[in-house]
Amino acid sequence: MTTYALPEPSQPPAAAPHTVYTVASGDLRPAANTTCWPTQEKLESDLAAALVDAGWNVRRGHDVDPDKGHGFIDSQRAGIEVFKQLPPDAPLIVVEGVWQYSHHVLAGLRSHRGPVLIVANWSGEFPGLVGLLNLAGSLTKAGRDYSVLWSADFTDDWARQGLRTWLETGTLSHDTGHVRALPALPRDPETELGAALARQLRHEKAIIGVFDEGCMGMYNAIIDDELLNPLGVYKERLSQSALVAEMRKVSDEEAQQVRDWLDGAGMTFHTGTDEATELTDAQLLSQFRMYIATLRIADDFGLDAVGIQYQQGLKDTVPASDLAEGLLNNVERPAVRSRDGSRELYPGVPLPHFNEVDEGVAVDSLVTNRIWTAMGLDPATTLHDIRWGEEYEGRFVWVFEISGSVPASHNGGYDKSYSMRQPPMFFPLGGGTLSGVSKPGEIVWSRVFVRDGRLHVDLGRGTSVELPREETRRRLDATNPQWPIMHAVLHGVSRDQFMARHRANHLNVAYGADADTADKALRAKAALFAELGVEVHLCGDVQL
């Protein structure tokens with residue numbers, strides 16, 4: 001008889017009575033983890049004080065590593081090892097004061113049987129709120145129950161009552177009364193346009209080029225082919241190494257022509273000579289090679305939209321992708337010709353780029369581009385992080401801010417746009433942004449996400465508002481001053497309603513010419529998604 005060495009089943013520890021366990025998911029980039037660690041420590045201290053005041057004990061689920069200089073879970077393997085040592089039925093809080101990679105803790109959270117709460121500090125200093133929203137979107141896609149909570153320092157009554165509710169019941173609900181199902185749409189030119197464009201997409205099909213999936217562990221940003229293909233959307237899976245190889249074929253003269261065009265259009269570049277800390281001309285030329293190379297590869301494969309991961313794949317190879325991405329999203333941009341010089345590529349139109357290969361944004365920007373083009377509107381789209389916000393003169397004004405991939409038209413033109421070096425802790429090889437302050441105007445915001453194994457979309461309206469220069473400066477200094485910013489007021493959606501509902505760190509934004517046109521464009525978009533079988537949700541004050 002053959003005898004095998006069977007593995008000994010591990011015995012998970014028992015939960016200590018009346019004890020909450022905490023974990024902290026972090027970045028994969030060591031510089032970001034060490035820089036952000038003091039902010040995380042303060043949040044954990046503030047939360048612990050609130051838990052103790054509520055009569056509970058707090059036990060951190062993993063140690064601070066003195067050699068690394070932080071206490072974050074900084075890889076998927078590290079997360080798996082941490083969760084092996086946690087009581088599987090214990091109440092668990094994921095504490096997020098900074099941006100985090102959701103896949104670091106996803107494996108553990110999928111199998112954890114106890115109630116889960118994700119908390120973040122209400123602060124713009126580091127993207128803790130962005131990290132909370134990405135983890136929430138990832139757990140929504142995974143079908144794992146969770147609750148969320150946010151506070152500046154967990155001394156306010158609202159946050160403390162929320163903690164007590166979760167501790168007592170294992171769940172915490174927030175008001176989402178601003179969300180309603182799509183009603184029967186009127187038969188009018190806009191809904192007929194949306195339905196016709198949906199039928200065209202399903203029949204003629206579109207290809208989105210994906211330069212490596214899974215940017216920064218964003219599980220929620222990957223949409224399976226089985227959900228995409230029924231829409232008529234297919235993936236061309238591309239490698240970022242091919243992008244670098246194509247960049248090497250772009251001549252110095254071609255890259256310089258892009259720079260000369262942008263200088264002529266009035267764009268400002270804040271340059272210096274220190275490669276480690278300043279934006280240099282060499283970094284910019286590399287970014288312009290990426291812009292040209294992306295269009296040439298897109299032409300090779302007949303792509304309708306494209307996404308570049310960059311983090312982690314390219315960050316140690318070439319400067320940031322953001323400047324190239326912003327150029328691609330704009331109607332007016334430097335001309336790029338085929339390799340033999342015989343043809344201009346994608347003349348007079350954007351090539352929609354979905355930043356950080358967020359495939360929910362890919363679908364959204366693809367259909368937005370087609371609707372806005374058909375309606376004679378500026379089809380430039382962008383995604384933003386939901387970074388933070390505060391009240392200003394009696395209304396809540398969001399800071400929507402992303403690392404630099406906005407189209408120039410959203411800033412009011414190239415002469416109102418500028419480029420600064422990306423922060424070294426995120427972008428060691430630098431590169432410039434396509435930055436500016438979003439112009440005032442009416443916007444349509446939206447988010448495609450996965451829930452219960454099917455595609456959903458939230459649609460809403462808002463206004464990009466102009467704030468005084470001093471207030472804009474204060475908000476930039478409170479976040480990332482290098483990055484483009486939008487001051488956004490959402491229609492009929494409060495701060496806490498939006499945070500409770502949103503299923504991603506990103507949202508897609510496009511401008512309408514005025515309020516009436518924006519309403520019409522949203523109606524066409526709702527009709528398109530409904531025709532494709534996507535579950536449509538209207539958020540806030542939406543005029544149909």
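None of the values given here were measured: they were computed from a predicted structure. All residue numbers in this chain count up from 1 along the given sequence.
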- Task: Identify, with sequence neighbours excluded, every residue that meets side-chain contact (heavy atoms from CB on, under 4.5 Å) alongside Thr463.
- Result: Glu442, Val465, His491
Going by side-chain hydrogen bond (donor to acceptor under 3.5 Å, both in side chains), name the residues that satisfy it together with [X], two or more places apart in sequence or in a different chain.
| X | value |
| --- | --- |
| Arg451 | none |
| Trp398 | none |
| Arg237 | Asp225 |
| Asp415 | none |

- salt bridge (charged side-chain N to carboxylate O under 4.0 Å, His left out) involving Arg343 - partner list, sequence neighbours excluded: Asp299
- Message: For Glu332, give me all partners under salt bridge (charged side-chain N to carboxylate O under 4.0 Å, His left out), at least two apart in sequence or on another chain.
- Response: none
Sorted by first residue and then second, give each ring-ring contact (aromatic ring centres under 6.0 Å, His included) pair with at least one member in [range]; sequence neighbours left out.
| range | result |
| --- | --- |
| residues 508-529 | His410-Tyr511 |
| residues 204-235 | none |
| residues 129-148 | none |

- Query: Which word best sums up how the rings of Trp150 and Trp122 line up, parallel for under 30°, tilted for 30 to 60°, or perpendicular for over 60°?
  - Reply: tilted
- How about Gln161: does its CD atom have over 12 heavy atoms from other parts shown lying under 6.0 Å from it? yes
- Query: Can you find a heavy atom in the side chain of Leu243 that is under 4.5 Å from one in the side chain of Leu314?
  - Reply: yes
- Message: Just verifying a value: how many Å separate Leu129 CG and Asn121 CG, rounded to the nearest 0.5 Å?
- Response: 6.5 Å
- Query: What's the spacing between Asn480 CG and Phe426 CZ if we round to 0.5 Å?
  - Reply: 6.5 Å
- N/O donor-acceptor pair under 3.5 Å between Thr433 side chain and Met420 backbone: yes
- Query: Under the side chain to side chain donor-acceptor pair (under 3.5 Å) criterion, do His506 and Asp358 qualify, and how do the steps go?
  - Reply: CA-CA 8 Å; His506 295 146; Asp358 187 332; 2.7 Å; yes
- Which pairs with one or both residues in residues 171-182 pass side-chain hydrogen bond (donor to acceptor under 3.5 Å, both in side chains), sequence neighbours excluded? Asp175-Gln497
- Message: Strictly by salt bridge (Lys or Arg N to Asp or Glu O under 4.0 Å), give each pair with a member in residues 476-492 just once, sequence neighbours left out.
- Response: Arg473-Asp477
